[in-house]
Amino acid sequence: MSESAAATAEDDRLKGTEKTGPASQQDSFGKEDGSDAGGHGHKMRTGQGWGKGIIADVKRTILTYWKGEMTNLNGKVIATSFFLYFACIAPAVTFGAIYGKATNNYIGTVEMILATAWCGIVYSLIGGQPMMINGGTGPVLAFSEILYKVSKSMDVPFLSLNAWIGIWVAIYMFIGAFVDLNRVIVLCTRFTDEIFSFLISLIFIINAIGSPFSDVGVVHYFDMDHKSHGPYEDQPFYSHWASALLSVIIFIGTTQVAFLLRKFKFSPFLPNQACRNTMTDFAVVISILIWTLIGNSFADIPVEKLNVPSTFAPTFQCCDETCTTSWPQECYGQEVPFGSRPWVVNLSDLNGKTWVPFMAAGPALLAFVLVFLDDGITWHLINHPSHQLKHGDAYNWDTIVVGAFVLVNSLLGLPWLVAATVRSLNHIHAMAEKLPDGTFVSVHETRLSNLGIHVLVLITIFALDLLKLIPVPVLYGVFLFMGLVSLGSNQFWGRMVMFFMQPSKYPVQPYTQYMAPKRMHLFTAIQLFFFVSLYVVKSIKVIAIAFPILIALCIPVRIFLLPKIFNEDELILIDSDPNTVKMWIANKEQEEELLLGGEDGEDNAEDDVSKHDEEEGVIEPTPVAAPVRRRRVNRVKTMSMPAGHFMFHEQPSALGPQLKPQMMFAGDALFTVPTVIQEEETLQSQDTNLESMDLAATPSTNTNRNNRRPRPSRAERRSNSCPVQNMMFEIQIDTGMGRAHQSKLQPLDTLNEPPIDSQHSN
């Protein structure tokens with residue numbers, strides 16, 4: 001690297017605008033060709049050549065980081081494995097029960113647990129993005145339910161039709177990865193990502209509290225006809241009101257204790273930081289254990305427990321050897337079933353309709369769009385620059401892996417699994433190191449947590465009776481916790497809340513500082529319209545199969561429609577990644593400084609003319625330019641120093657804007673103040689007498705023939721002001737005991753402290 005290139009990289013690092021990851025391929029504002037292509041600051045790339053994208057993904061991820069990701073075990077990995085075990089097993093049991101009702105038990109709880117276990121273990125070993133967690137999702141469930149109805153109308157066995165469609169879906173996935181179709185996913189911006197993420201988060205929250213479309217949720221316990229009250233309705237001591245109230249207490253307590261323990265990392269309690277970190281890592285697990293014990297402590301007030309089968313076997317039980325009828329629904333009077341269905345699906349069992357394998361290519365195309373977008377958008381959310389992931393993405397390789405999962409599960413009669421958005425985001429949050437305001441510092445990227453989660457799920461298959469001890473309200477509390485955690489980082493949700501805020505109280509964000517509130521609310525309203533449309537389509541089972549089409553529609557709306565409503569600057573501020581926004585703000589500040597540079601140039605020119613006239617004996621009055629009124633914006637603040645300028649950057653935080661020290665321009669300074677992004681240096685002067693040093697002027701100060709200092713330039717005059725009301729900084733010089741001269745910044749409250757004497761610089 002040349003010296004100029006190294007200097008440029010160092011400048012980017014000091015300014016906090018160093019480009020990493022995908023954004024490093026961009027020019028200003030994430031555009032290589034001048035067009036805002038969207039994504040996380042990168043445009044839709046051209047194809048990498050058939051198959052080359054898969055090879056590049058494997059080299060970038062598995063071949064580079066696999067060994068490190070398999071050996072970086074720590075306490076956080078263990079805690080996250082147990083937390084997300086409960087977060088994965090509960091949806092597996094729930095989705096399995098719903099699958100059983102929707103498919104006449106051809107696919108049930110056992111099949112869902114088995115698919116979750118084996119897909120998770122294999123993916124943790126060979127997947128390209130180990131922070132992603134596979135699982136069942138509502139859209140895929142809705143597709144399977146519709147497919148079962150189609151099979152009944154066609155008089156074709158459901159598992160055979162499902163297997164042929166799964167084969168075609170896998171073929172489409174392989175072709176899509178081979179031709180690098182995933183480059184379309186980078187066209188998704190915050191507009192699409194956050195609508196989808198908010199939808200999934202809200203589904204978790206609504207299902208925990210009480211779904212209006214089913215009997216899932218803690219609120220439904222107050223209904224006397226709820227299925228959980230059935231086994232106890234004949235017992236005289238039982239009260240469904242008492243059971244419902246205890247369920248609500250357990251539900252709220254599980255969520256509240258998890259959030260409370262999660263804050264211990266930044267609290268003063270417990271003996272040391274290691275104990276506080278452990279308490280934070282195991283927060284959800286501890287909460288689950290506490291409230292499970294409480295839920296099982298009231299013998300007279302039973303609450304609903306997980307309903308899982310007692311043995312590991314296919315859910316579908318046959319009436320006879322043909323296994324075409326289900327026991328006991330279709331063979332009344334038969335006390336025991338003939339046996340379970342075979343694990344391997346018979347592809348030739350088509351009831352004489354040999355055209356079914358070819359016909360299956362049609363509905364498989366729609367299923368492919370569903371799986372492809374569900375995976376792609378979740379991967380896009382996982383790899384958002386704010387998550388600080390460093391091990392790269394592997395879209396094409398993971399498309400191959402998920403396609404193989406769909407193929408194998410179809411042949412075994414297991415449900416299809418895709419990237420689970422909320423569980424994946426909670427995996428990242430659990431493995432992250434954060435600041436108190438929730439900002440990501442780093443993420444412990446490992447395969448061991450994903451492996452541990454699904455090994456525990458596999459063990460559960462052989463200990464199903466233990467799951468029956470877990471109260472369902474505890475799992476509802478975990479669902480609520482997961483939904484709220486993923487919701488907290490969603491910008492779309494934050495802007496929706498602003499509908500009900502006083503404008504002067506808006507949080508400090510680029511889109512609140514540089515955009516008009518009406519324009520910001522218009523963008524939010526458009527997102528809200530698409531979100532409501534998605535939720536309605538997903539909730540109506542007749543049209544739920546169109547869910548992926550509506551998601552895909554968000555991409556052309558963002559690319560072609562929104563640029564006609566909003567200008568380029570507005571879309572950058574509200575719909576780009578953080579690095580692109582920072583670059584836009586830096587460019588804006590630079591333009592404003594150039595505008596001020598004209599005034600500074602005039603001042604400097606006046607100084608030169610005055611000096612020349614004095615040498616010639618001509619003294620003329622200096623014209624004073626009229627001040628230019630400018631709108632104040634969020635810009636870098638400068639403070640006076642004995643020899644140079646100490647820069648402060650106004651950084652947004654949960655408590656409002658805060659000034660953070662950024663850099664020091666020393667010039668002819670005798671010393672410099674080290675900051676967190678500079679190496680500590682001490683510039684010493686051996687010929688300087690500190691006792692007689694004039695802290696108000698630098699050694700290079702000149703005077704004119706009238707023994708007066710030249711009039712300072714506008715830039716110098718502007719730097720001699722304090723940017724924060726009632727805040728000054730004192731410079732102390734430590735010269736004791738022969739130590740090197742050091743400088744130290746100490747804030748002073750000018751309202752409470754006495755005036756600073758001549759030995760200090762304001």
Side-chain angles (χ1 to χ4, degrees), residues 22-23 26-46 139 181-200 202 366 369-370 372-374 376-381 384-385 421 490-499 509-512 514-538 540 543-578 580-581 583-584:
Q26 67 188 10
D27 290 328
S28 67
F29 312 143
K31 299 169 289 184
E32 293 181 332
D33 57 352
S35 62
D36 185 9
H40 298 320
H42 53 283
K43 68 172 188 174
M44 177 178 174
R45 63 181 185 271
T46 57
L181 187 61
N182 285 283
R183 65 183 185 272
V184 177
I185 295 296
V186 302
L187 294 177
C188 295
T189 63
R190 279 184 179 268
F191 178 81
T192 305
D193 290 347
E194 293 186 341
I195 291 174
F196 184 78
S197 175
F198 182 69
L199 173 67
I200 303 301
L202 199 65
L366 185 59
V369 174
L370 171 61
F372 182 80
L373 288 178
D374 212 341
I377 294 177
T378 300
W379 295 337
H380 204 237
L381 287 168
H384 194 274
T421 306
N490 193 301
Q491 187 188 100
F492 173 39
W493 165 250
R495 283 187 276 106
M496 279 198 298
V497 175
M498 292 184 200
F499 280 129
Q509 295 290 347
Y511 47 83
T512 60
Y514 295 95
M515 283 184 68
K518 291 183 179 179
R519 305 288 291 171
M520 178 187 69
H521 292 323
L522 176 60
F523 187 90
T524 306
I526 296 174
Q527 281 186 295
L528 186 60
F529 169 78
F530 276 92
F531 162 74
V532 173
S533 302
L534 280 171
Y535 190 83
V536 170
V537 170
K538 185 203 75 69
I540 302 176
I543 59 175
I545 198 170
F547 178 80
I549 298 177
L550 199 57
I551 295 177
L553 185 62
C554 293
I555 298 177
V557 167
R558 168 59 182 89
I559 296 175
F560 301 109
L561 179 60
L562 292 189
K564 299 181 182 300
I565 302 175
F566 302 93
N567 60 45
E568 183 180 4
D569 290 341
E570 290 173 331
L571 291 176
I572 289 175
L573 289 169
I574 203 169
D575 195 36
S576 291
D577 66 280
T580 304
V581 175
M583 295 173 66
W584 184 92

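Predicted, not measured: the structure shown is a model, and the values here were computed from it.
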> Parallel, tilted or perpendicular for W493 and F198, by the 30°/60° rule?
Replying inline: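 Taking F198 first and then W493, their aromatic rings lie parallel (interplane angle under 30°).
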> Of D575, D193, I574, T524, which meets side chain to side chain contact (heavy atoms under 4.5 Å, CB included) against Q491?
Replying inline: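 It is I574, the one option of D575, D193, I574, T524 that forms the side chain to side chain contact (heavy atoms under 4.5 Å, CB included) with Q491.
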>> Does Y514 form a side-chain contact (heavy atoms from CB on, under 4.5 Å) with D569? I'd like the steps, not just the answer.
In response: CA-CA 9 Å; Y514 295 95; D569 290 341; over 6 Å; no
Identify, with sequence neighbours excluded, every residue that meets side chain to side chain donor-acceptor pair (under 3.5 Å) alongside [X].
{"X": "T512", "answer": "none"}
{"X": "S197", "answer": "none"}
{"X": "T192", "answer": "none"}

[X] to [Y] - nearest heavy-atom pair and separation:
{"X": "L571", "Y": "P563", "value": "CD1-CA, 3.9 Å"}
{"X": "H384", "Y": "P578", "value": "CE1-CD, 3.7 Å"}
{"X": "M515", "Y": "E570", "value": "SD-O, 3.8 Å"}
{"X": "S576", "Y": "I572", "value": "CB-O, 3.1 Å"}

Calculate, to the nearest 0.5 Å, the distance between atoms [atom1] and [atom2] belonging to [X] and [Y] respectively.
{"X": "Y535", "Y": "L202", "atom1": "OH", "atom2": "CG", "answer": "6.5 Å"}
{"X": "H380", "Y": "F196", "atom1": "NE2", "atom2": "CZ", "answer": "13.0 Å"}
{"X": "I377", "Y": "F372", "atom1": "CD1", "atom2": "CZ", "answer": "10.0 Å"}
{"X": "E194", "Y": "C554", "atom1": "CD", "atom2": "SG", "answer": "12.5 Å"}
{"X": "F531", "Y": "I195", "atom1": "CZ", "atom2": "CD1", "answer": "9.5 Å"}

Between [X] and [Y], is any pair of side-chain heavy atoms under 4.5 Å apart?
{"X": "Y511", "Y": "M498", "answer": "yes"}
{"X": "H521", "Y": "R495", "answer": "no"}
{"X": "I185", "Y": "L373", "answer": "yes"}
{"X": "D374", "Y": "T378", "answer": "yes"}

>> By the salt bridge (Lys or Arg N to Asp or Glu O under 4.0 Å) test, which pairs, at least two apart or in different chains, include something from residues 520-531?
In response: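 Qualifying pairs: none.
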>> Pair T189, I559 - check side-chain contact (heavy atoms from CB on, under 4.5 Å), show working.
In response: CA-CA 9 Å; T189 63; I559 296 175; over 6 Å; no
> By ring-ring contact (aromatic ring centres under 6.0 Å, His included), which residues pair with F523, not counting sequence neighbours?
Replying inline: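 F523 satisfies ring-ring contact (aromatic ring centres under 6.0 Å, His included) with F191, F566 once adjacent residues are dropped.
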> What residues, two or more places apart in sequence or in another chain, satisfy side chain to side chain contact (heavy atoms under 4.5 Å, CB included) together with L550?
Replying inline: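 With neighbours one apart ignored, the set is S533, L534, V537, L553.
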